[in-house]
Protein chains: 4
Amino acid sequence: MNPLEQLRDLTRAFAAERDWQQYHTPKNLAMALSVEVAELVEHFQWLPTGAPAELDERKREGIRHELADVLLYLVQLADKMDVDLHAAALEKLALNASKYPAAQVRGDARKYDEY
Amino acid sequence: MNPLEQLRDLTRAFAAERDWQQYHTPKNLAMALSVEVAELVEHFQWLPTGAPAELDERKREGIRHELADVLLYLVQLADKMDVDLHAAALEKLALNASKYPAAQVRGDARKYDEY
Amino acid sequence: MNPLEQLRDLTRAFAAERDWQQYHTPKNLAMALSVEVAELVEHFQWLPTGAPAELDERKREGIRHELADVLLYLVQLADKMDVDLHAAALEKLALNASKYPAAQVRGDARKYDEY
Amino acid sequence: MNPLEQLRDLTRAFAAERDWQQYHTPKNLAMALSVEVAELVEHFQWLPTGAPAELDERKREGIRHELADVLLYLVQLADKMDVDLHAAALEKLALNASKYPAAQVRGDARKYDEY
């Protein structure tokens, strides 16, 4: 089964079993998503680059859990919006590819900065 | 093919073709992810709840593109961290289920607030 | 004394006494600011509007501390950028006033949405 | 006059003249604050450290405007919460000073990481 569809079904069931759908307006889910992303950012804020050598096991586990939380809220918000995340990502990649053709932007930091 | 693995491969190729991997430290990707999430939040900030009836077609398209951008950066950051997003999300869901048993938290707003 | 200048001096001394300036690049301070703002957002994410009646004493104290943290990082980042926050805010208010003349935007939700 | 009180009065008048107070629930202002902080973060996301030498004049101006926007929303949110930002920042600095005594944390990166 498609992992994104599986996670959508699992998060639906998780919220329903706890009667938590009442809190899950799109607006609230967007806020919760931003809070989870900040918990992820927090792990990196004082590190030089976040490369593996800068991370111990405890930090790696924390990062893994936060990455998961971000995906779980993203899946729930997309579900409320009736957005197929996989299709939307492929659509956006195609848009980005036509907006930033490799031949023209290669090695041009300013183009990257606009991106 | 697993959509998350497909997107990982496509984003790797996209960055490589443009010589953009040089910017993609985990720290920078975490920042970029937070910026994309804020562009998503921006769509909801003055709406009552973000329910479908509050959104016109232009706004729905904007939201779809931002959801995609968030997923694309999330996939790239997880890739740098060697994290399997699907496995991590299943692991986190199991942790949440044991921390917040449905029978105990059902309808308890304070429990939700801790969550 | 100007409170913003006082806080600038106090945060300088605070970091210097702890040898923490080494972590305070503008980039890192911007990340830390975003993390503090998310801790503030977290207090509001499941509330209807955040109006006083929705907040108990513990939550009000938490919000007050987070507001303070946001200001303290903002003051430190502005200091690194050699930006006078007071002057910058007055400059931006004047720009906003000429971009959104009261007579034209009054009661126009779309204008507010652009703002 | 105290700059923070002056900005509070100016932002009150600005919103009132445009009939925009209706959008300014604490929850919405917290979201707007997070969006402005992300626009600030965006300037730094691909830079090594954000030091002055990495910034051209256009970028410095953008950063100054975003710092101002963050302060303006912060002042408005604090106003809705009846929080005196100056007093709250002094209170928080005192709490931080007792939690992280200079003599004990000096040069200890792990202590900083908890901070």
Side-chain angles (χ1 to χ4, degrees), chain A residues 11-12 14-51 53-56 58-59 62-81 109 112-113 115, chain C residues 11-12 14-51 53-56 58-59 62-81 109 112-113 115:
Chain A
T11 52
R12 276 186 195 173
F14 190 94
E17 285 162 12
R18 286 158 186 79
D19 198 18
W20 282 353
Q21 310 104 316
Q22 58 185 310
Y23 305 113
H24 288 188
T25 64
K27 179 173 178 134
N28 289 1
L29 290 170
M31 290 179 89
L33 177 64
S34 76
V35 170
E36 294 301 335
V37 167
E39 292 178 6
L40 184 55
V41 167
E42 194 173 6
H43 285 285
F44 295 102
Q45 65 188 341
W46 310 117
L47 300 178
T49 67
E54 300 169 14
L55 307 168
D56 60 20
R58 197 175 58 93
K59 222 165 163 68
I63 290 167
R64 190 173 73 244
H65 289 335
E66 300 302 344
L67 286 166
D69 281 334
V70 173
L71 181 58
L72 291 169
Y73 274 118
L74 182 65
V75 163
Q76 289 178 87
L77 178 53
D79 188 20
K80 297 288 177 192
M81 293 286 105
Y112 189 74
D113 206 35
Y115 167 65
Chain C
T11 52
R12 277 186 195 172
F14 190 95
E17 285 162 12
R18 286 159 185 78
D19 199 18
W20 283 352
Q21 311 103 314
Q22 59 185 309
Y23 304 113
H24 290 187
T25 64
K27 179 173 179 134
N28 289 1
L29 290 170
M31 290 179 89
L33 177 63
S34 76
V35 170
E36 294 301 337
V37 167
E39 292 178 5
L40 185 55
V41 167
E42 193 173 6
H43 285 286
F44 295 102
Q45 64 188 340
W46 310 118
L47 300 179
T49 66
E54 301 169 13
L55 306 167
D56 60 20
R58 198 175 58 92
K59 221 162 163 70
I63 290 167
R64 190 173 73 244
H65 289 334
E66 300 303 344
L67 287 166
D69 281 333
V70 172
L71 181 58
L72 291 169
Y73 275 119
L74 182 64
V75 162
Q76 290 177 86
L77 178 53
D79 188 21
K80 297 289 176 190
M81 294 285 104
Y112 189 73
D113 206 37
Y115 167 64

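So you know, we letter chains A, B, ... as the sequences are listed, proteins then strands, and number each from 1.
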Honestly, the part of A:E39 sitting under 4.5 Å from a heavy atom of chain C is side chain
Specify the closest pair of heavy atoms between A:A38 and C:A38, including all atoms of both residues, with the distance to one decimal. CB-CB, 3.1 Å
Check A:Q45 against C:V35 and note the closest heavy-atom contact, atom names and distance. OE1-CG2, 3.7 Å
Hey, which of C:T25, C:L29, C:V41, C:L47 has the most heavy atom pairs under 4.5 Å with chain A? C:V41
